[in-house]
Amino acid sequence: MSYNNYTTAPKQAVAFPLGIIKQAVSVCFTPSLNLVPVIWGPVGWTKSATIKSVATDLGLPLFDVRLSDKEPTDLGGIPYPTDKEFNGQVQKVLHYLANSLLPWADLYGDDYECVLFFDEVDRTSVDVLNVALQLLLDRGVNGRKLSSLCHIVCAGN
């Protein structure tokens with residue numbers, strides 16, 4: 001099968017050697033590209049180990065998040081009301097307590113380079129997937145932003 005013609009997708013799934021997958025993931029981390037690679041394959045095909053190896057090879061910390069055992073608040077934070085003054089009047093506003101599960105810019109710094117790995121994207125609830133997709137698309141949720149140098153990777157079966 002030839003990949004010289006980029007206008008049509010392959011007609012069947014193709015398995016690549018792990019070295020090629022690692023190179024492709026590393027290329028996606030190029031700052032000017034900042035792409036989110038998705039690795040798809042059967043259980044036990046070393047998807048998680050491959051991403052751990054990429055992070056280790058690049059000398060980057062890895063945030064390994066298994067979405068299948070998470071709740072939306074694990075990713076988006078726990079909401080709590082606080083008082084805030086607006087134009088001389090006190091208003092209730094909603095803030096979100098975040099944990100260190102994710103590399104938030106306000107916790108780790110905006111220049112914190114790391115790998116955020118969302119695994120088991122196909123085995124999570126719709127609510128958790130919605131928060132994860134917001135993080136993928138907007139690089140933040142509920143007023144918090146991921147570090148600008150956070151490289152995101154997804155995997156599923």
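For the numbers below, each heavy atom of this structure counts, side chains included, while hydrogens, waters and symmetry mates do not.
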If hydrophobic clusters are built by linking Ile, Leu, Val, Met, Phe, Trp and Tyr wherever their side-chain heavy atoms come under 4.5 Å apart, do [X] and [Y] end up in the same one?
| X | Y | value |
| --- | --- | --- |
| Y112 | V54 | no |
| L149 | L107 | no |
| V131 | L102 | yes |
| V153 | L129 | no |

Is the side chain of [X] donor-acceptor paired with the backbone N or O of [Y] at a distance under 3.5 Å, no angle test?
| X | Y | result |
| --- | --- | --- |
| R123 | G156 | no |
| W104 | G140 | no |
| T73 | I78 | no |
| D127 | P72 | no |

Under the rule for side-chain hydrogen bond (donor to acceptor under 3.5 Å, both in side chains), what residues qualify as partners of S125, not counting sequence neighbours? none
Distance check, rounded to the nearest 0.5 Å: [X] atom [atom1] versus [Y] atom [atom2]?
| X | Y | atom1 | atom2 | value |
| --- | --- | --- | --- | --- |
| D110 | C150 | CG | SG | 10.5 Å |
| C114 | I152 | SG | CD1 | 9.0 Å |
| L133 | L75 | CG | CG | 10.5 Å |
| K145 | L135 | NZ | CG | 9.5 Å |
| I51 | L116 | CD1 | CG | 11.5 Å |
| E120 | C154 | CD | SG | 12.5 Å |

Which atoms form the tightest heavy-atom contact between [X] and [Y], and what is the distance?
| X | Y | value |
| --- | --- | --- |
| Y96 | P79 | CE2-CB, 3.6 Å |
| Y108 | P103 | CD1-CA, 3.6 Å |
| Y80 | T82 | CE1-CG2, 3.1 Å |
| L94 | P81 | CD1-N, 3.9 Å |

Side chains of T124 and K70 in contact at under 4.5 Å (non-hydrogen atoms): no
Answer whether the closest heavy-atom distance between the side chains of F63 and S100 falls below 4.5 Å. no
Candidate pair D83 and K92, rule side-chain contact (heavy atoms from CB on, under 4.5 Å), full reasoning: CA-CA 5 Å; D83 292 335; K92 289 282 186 194; 3.0 Å; yes
Does atom CD (Q89) have a neighbourhood of more than 12 heavy atoms from anything else shown, all under 6.0 Å? no
Taking atom CD as the centre, does E71 end up with more than 12 heavy-atom neighbours from other residues, nucleotides or ligands that are less than 6.0 angstrom away? no
If you look only at distance, which donor and acceptor atoms sit under 3.5 Å apart when one is on a side chain in residues 15-40 and the other is two or more places apart or in another chain?
residue, atom, partner, partner atom, Å
K22, NZ, S53, OG, 2.7
K22, NZ, D57, OD2, 2.9
S26, OG, K22, O, 3.0
T30, OG1, V27, O, 2.7
W40, NE1, N157, O, 3.3

Is the shortest distance from a Lys or Arg side-chain nitrogen in D106 or R144 to a carboxylate oxygen in the other one below 4.0 Å? yes
Paired with D119, the salt bridge (Lys or Arg N to Asp or Glu O under 4.0 Å) test is passed by just one of K47, R66, K52, namely R66
